[in-house]
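Before any comments, here is the structure.
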There are 2 protein chains.
Amino acid sequence: MSQNVYQPHNHSHCVANALSQAQSLCHDKGARLTKVRQRVLELIWQSHKPVGAYELLPALANDGFNSAPPTVYRALDFLLDLGLVHRLHSLNAYVGCNHPGANHPVCFFICEHCGQAQELPNDKLNALTRQVEQVLGVQVHHQLTELTGLCPSCQPASGETTANDHA
Amino acid sequence: MSQNVYQPHNHSHCVANALSQAQSLCHDKGARLTKVRQRVLELIWQSHKPVGAYELLPALANDGFNSAPPTVYRALDFLLDLGLVHRLHSLNAYVGCNHPGANHPVCFFICEHCGQAQELPNDKLNALTRQVEQVLGVQVHHQLTELTGLCPSCQPASGETTANDHA
DNA sequence: CGTAATATTGCAACATTATAACCTAAGGTT
DNA sequence: AACCTTAGGTTATAATGTTGCAATATTACG
Ligand SMILES: [Zn+2]
Ligand SMILES: [Zn+2]
Ligand SMILES: [Zn+2]
Ligand SMILES: [Zn+2]
């Protein structure tokens with residue numbers, strides 16, 4: 001469940017799993033996973049690198065869909081509402097959620113070299129939120145945590161091997 | 001030191017303190033706090049509500065400065081580099097830092113009703129970062145944490161008094 | 001089925017936020 | 001003064017996101 005996108009893995013499983021979860025979630029909530037919406041979700045899941053809204057337009061046009069900004073933004077809003085994707089504010093980009101359904105607090109790590117983003121369930125995050133609520137006497141409704149740095153594969157290696165060569 | 005912007009306070013102290021710290025910091029680093037830069041800093045510190053770059057332009061024009069986007073963005077870049085202001089990504093807006101100088105990790109709480117933002121030193125934040133580094137084997141270089149919700153004054157009151165009436 | 005209500009999409013224009021490029025002005029150094 | 005470096009003025013443009021309305025598809029209901 002707690003996968004690590006920086007390690008070699010069968011990414012087609014990620015995609016298949018995401019689509020499957022999206023379909024059942026939409027069915028449960030009576031939401032319609034239309035062709036445009038499903039295609040946008042697929043495009044976002046092509047990698048773990050967050051993708052900008054305008055990057056999706058050419059691909060949609062190529063698939064015969066309309067390719068004006070509102071098309072993709074509406075699809076993104078739909079997917080965001082259902083928690084199927086997240087928006088990374090530090091990048092203005094969108095990435096698939098690997099455990100959709102819950103309106104869960106989100107913590108992302110983003111590699112500043114390869115660009116891949118990993119979502120983490122993090123118990124420290126809830127501790128942080130509770131602390132802020134206590135110290136300030138506030139009610140926290142939403143939260144946004146994005147950490148940036150170098151993933152294992154992109155750190156200057158102690159040895160000389162390139163970490164992904166044998167993948 | 002650990003002030004709370006949601007409580008009544010003498011805000012002119014905030015402004016005076018910010019300007020004083022900015023001047024000494026610039027002196028120490030050999031940076032020039034020019035008139036435009038200082039004015040932008042003052043404008044940002046007019047309240048604890050983060051301000052958008054384009055909101056600053058009319059005020060600058062009113063003061064006889066040039067008021068084209070590059071002017072304000074250059075000033076903001078300068079202030080950001082020195083750590084005198086922070087950028088809130090969830091708002092695309094800028095707010096003064098109450099303890100500039102260090103390249104410190106930042107945690108903000110933003111009231112979604114009154115818009116005021118409070119910067120918090122938070123020990124849980126470092127714990128979170130260390131945990132992420134350990135779990136993923138990554139190196140964290142930057143971090144971004146923004147919590148949104150209701151501040152004490154903006155929460156639906158149990159009583160009926162408006163919290164700021166007597167301020 | 002036929003029709004009305006609702007949800008989705010196509011389309012055009014526009015709004016907001018940020019940057020690039022190029023030149024001039026100001027401040028510091030010798 | 002001559003020179004160099006930094007800062008600011010100006011114009012244009014890029015990148016990201018929204019609004020409004022008409023057209024179409026889907027669902028709900030008699
Ligand atoms: Zn994958
Ligand atoms: Zn990487
Ligand atoms: Zn204040
Ligand atoms: Zn408030």
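Worth saying up front: this structure is predicted, and the values here are computed from it rather than measured. Residue numbering restarts at 1 for every chain, and letters A, B, ... go by the order of the sequence lines.
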Nucleotide by nucleotide, 5' to 3', does protein get under 4.0 Å of the base (B), only the sugar-phosphate (S), or neither (-) in nucleotides 11-25 of chain C, counting heavy atoms?
-> BB----BBBB-----
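For the pair F78(A) CZ and dT6(C) C1', the computed distance is 15 Å after rounding to whole Å. Put simply, CG on L76(B) is 12 Å from P on dG8(D), counting in whole angstrom units. In this structure, CG of L82(B) is placed 15 Å from C1' of dA7(D), rounded to the nearest angstrom.
In terms of the side chain to side chain donor-acceptor pair (under 3.5 Å) criterion, S20(B) has no residue partners (sequence neighbours excluded).
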Residues 48-55 of chain B side chain polar contacts: donor-acceptor under 3.5 Å, at least two apart:
residue: H48(B); atom: NE2; partner: H9(B); partner atom: NE2; Å: 3.2
residue: H48(B); atom: NE2; partner: H11(B); partner atom: ND1; Å: 3.2
residue: E55(B); atom: OE2; partner: G52(B); partner atom: N; Å: 3.0

Please table the atom pairs, donor to acceptor, closer than 3.5 Å between any side-chain atom in residues 74-93 of chain B and protein atoms at least two apart or in another chain.
residue: H86(B); atom: NE2; partner: H104(B); partner atom: NE2; Å: 3.1
residue: H86(B); atom: NE2; partner: E119(B); partner atom: OE1; Å: 3.4
residue: H86(B); atom: NE2; partner: E119(B); partner atom: OE2; Å: 3.2
residue: R87(B); atom: NE; partner: Y94(B); partner atom: OH; Å: 3.2
residue: R87(B); atom: NH1; partner: H89(B); partner atom: ND1; Å: 3.1
residue: R87(B); atom: NH2; partner: N92(B); partner atom: OD1; Å: 2.9
residue: S90(B); atom: OG; partner: E146(B); partner atom: OE1; Å: 2.5

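Sorted by first then second residue, the side chain to side chain donor-acceptor pair (under 3.5 Å) pairs that include residues 27-38 of chain B, not counting sequence neighbours, are Q38(B)-E42(B).
Taking 4.5 Å as the limit, every side-chain heavy atom of L136(A) sits out of range of all side-chain heavy atoms of C151(B). Counting only heavy atoms from C-beta outward, the side chains of L43(A) and L41(A) never approach each other to under 4.5 Å. The closest side-chain heavy-atom distance from V106(A) to L120(A) is not below 4.5 Å. The closest side-chain heavy-atom distance from L150(B) to Q139(A) is below 4.5 Å.
DNA chain D lies under 4.0 Å from at least one heavy atom of each of the following residues of residues 31-42 of chain B: R32(B), T34(B), V36(B), R37(B).
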